[in-house]
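One structure is given below, encoded as structure tokens.
In this text the structure is predicted, and so the values were computed from the model without any measurement. Below, chain A is the first sequence line, B the second, and so on; all start at residue 1.
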Amino acid sequence: MRSRYFPPSLAADPVPMRDIRLLDQMFLPGTLIGPFTNANPGLGGVCTFVGEVRFDDGVEALELTHYEPLTLPGMHALADRAFARFTLMGLLMVHRVGMMRPGEPIVCVSAAALHRRDAIDAVDFCMDHLKSAAWFWKREKRAGEWHWIEPREQDHSDLARWQG
Amino acid sequence: MRSRYFPPSLAADPVPMRDIRLLDQMFLPGTLIGPFTNANPGLGGVCTFVGEVRFDDGVEALELTHYEPLTLPGMHALADRAFARFTLMGLLMVHRVGMMRPGEPIVCVSAAALHRRDAIDAVDFCMDHLKSAAWFWKREKRAGEWHWIEPREQDHSDLARWQG
Amino acid sequence: MIRVVYLGKLADIAGKPESQFGASDGELDWPDLVEVLRNHVNPAISEAVEDSRTRVAVNGELLADKTYLVAKHGDEVALLPPVSGG
Amino acid sequence: MIRVVYLGKLADIAGKPESQFGASDGELDWPDLVEVLRNHVNPAISEAVEDSRTRVAVNGELLADKTYLVAKHGDEVALLPPVSGG
């Protein structure tokens, strides 16, 4: 292993960079990721996942309800677990709430690390756990009527990947 | 499973979007990822990995040599394998060659898919295989002298993850 | 008064986003809550909160076992159905 | 003439990025190449290309087994050391 040189700005501030937000308005992921990357000088890699509201058959809109006393603490607790599990320099986790149209970004998770395995796995881990950690309920509007989206089996198998 | 609605632009052009480049000049990942995302309407998620030249102890510069008759065909063959293995809408794979300074982006892989598992796994797969697929040789300059970087054991274990 | 908040589709089942209940002795336990929901809201919401997948939080703290609920005057009780997939 | 290209650190070992070799009968096979490198470049490059991890491409096509090399006039033979980690 080679030893690492940390640029002065990082050496002076070894606290990992954490940016966790709930937004009730449309956002542009690029406006978050650029500053996030620049806030982590000396990184080896940044992995970013952006989820958008899909153009599912006949879906006109999607609404996300959350319970504020649980959502943000849940996202911070998930960030704590990601920082404990992976060697990260920074973590950005942004989630939309409220009403969205197909094509709009709904979630953006970005992890900066010295090594790419940590960055990629941290994003994968956060995405798999975000729904169960942050208590979002979704309903979609089809033909003018709202329908709640039920839990899926896939969510459980996603979480099982990280056990043991 | 819900059926999917594809917006007209996608339905008219079902060929997956592929953007593979070798660049011998500094690039800004954001200027590639925005247009890439917009070129894939109807996507569910985009995963992007950007690798930067690390600030390793005393490293002043990094130089990547490649062998042109193998590099670009190697990257296209890797893209073929990613499209065969994952359900992707688009794949962007950009790699720097030539001389770079610490902090400069060296690689950017971005995958767009209907489902996040495909997008994340495709980026992970491409990053693990890029070095063996594309024939890059690296040397770094320390105290004014160039030193070749030897293969690492980690690279073999990265590839073994995708076997079987 | 104790504030009860209905999340996700529980709000549709209750027909409102929240209710306020008084407790004669100042405390509301789990059997009290199930009964007050059945009698003062509707039987469907009472059944829905008894679903094993419905979780309960008091003042933002999730209960490991909702049947141990003890809500006091001024508390906020949130009724949380399973989160959505997709 | 046959063009031989040295990639990565092989260029340092050879002391140049490429060489041109003639072949008396118009063809150069693997033993010919190893010998011509030893006699006309230096012994170190000859040993380096014999390393099992050094691969060979002819006109951009990787050889599955480099010892089956047959290079003809006008061909480009690339000598490829293992790619770098990191």
Side-chain angles (χ1 to χ4, degrees), chain B residues 22 51-59 61-78 95-100 102 104 106-107 127-142 145-160, chain D residues 1-21 28 30 33 37 41-66 68-86:
Chain B
L22 286 161
E52 296 188 357
V53 180
R54 280 198 294 260
F55 288 85
D56 283 343
D57 202 6
V59 173
L62 180 74
E63 190 189 46
L64 244 72
T65 310
H66 72 131
Y67 179 55
E68 195 163 335
L70 286 180
T71 320
L72 213 49
M75 289 170 74
H76 275 285
L78 177 55
H95 212 290
R96 270 295 308 275
V97 290
M99 208 173 80
M100 287 152 272
E104 286 186 23
I106 181 170
V107 60
M127 285 303 306
D128 274 352
H129 288 83
L130 199 47
K131 278 178 297 185
S132 57
W135 296 91
F136 295 112
W137 296 275
K138 291 182 192 173
R139 54 179 195 162
E140 49 189 33
K141 197 182 197 174
R142 292 192 300 270
E145 284 202 25
W146 287 103
H147 303 268
W148 291 101
I149 303 177
E150 298 295 328
R152 300 178 311 155
E153 199 49 49
Q154 173 78 30
D155 299 327
H156 301 288
S157 60
D158 284 346
L159 294 182
Chain D
M1 298 297 276
I2 292 161
R3 193 169 167 222
V4 174
V5 182
Y6 310 104
L7 276 304
K9 70 175 177 183
L10 297 185
D12 285 2
I13 295 170
K16 48 188 156 187
E18 59 178 82
S19 301
Q20 304 265 1
F21 299 115
L28 197 79
W30 180 248
L33 178 66
L37 289 173
V41 184
N42 62 50
I45 187 69
S46 180
E47 274 162 41
V49 299
E50 284 196 294
D51 183 316
S52 65
R53 299 173 308 160
T54 299
R55 302 284 305 270
V56 173
V58 179
N59 300 327
E61 291 292 324
L62 267 181
L63 299 183
D65 183 342
K66 66 190 171 190
Y68 287 8
L69 170 76
V70 182
K72 292 176 291 295
H73 179 75
D75 282 351
E76 176 168 304
V77 176
L79 304 177
L80 314 155
V83 291
S84 306

Proximal component of B:Tyr67, with respect to chain D [non-hydrogen, under 4.5 Å]: both
Enclosure of D:Gln20 CD (heavy-atom neighbours >12, cutoff 6.0 Å): yes
Under 4.5 Å from a heavy atom of chain B, the part of D:Asp12 involved: side chain
Between CH2 on residue B:Trp148 and CD1 on residue D:Ile13, distance to nearest 0.5 Å: 10.0 Å
For the student: nearest non-hydrogen atoms of D:Gly60 and B:Pro69, plus distance: CA-CB, 3.8 Å
B:Trp135 and D:Val83: CA distance, side-chain angles, deciding distance, side-chain contact (heavy atoms from CB on, under 4.5 Å) verdict: CA-CA 6 Å; B:Trp135 296 91; D:Val83 291; 3.8 Å; yes
Over 12 non-hydrogen atoms of neighbours within 6.0 angstrom of NE2 in D:His73: no
From B:Arg139 atom CZ to D:Lys9 atom NZ, the distance as rounded to the nearest 0.5 Å: 13.5 Å
Whether B:Trp137 side chain and D:Leu7 backbone form a donor-acceptor pair below 3.5 Å: no
More than 12 heavy atoms from other groups under 6.0 Å of CD on B:Glu68: no
Exceeds 12 heavy-atom contacts within 6.0 angstrom, atom CD of D:Glu61: no
Contact winner vs chain D - B:Leu64, B:Leu70, B:Thr65, heavy-atom pairs under 4.5 Å: B:Leu70
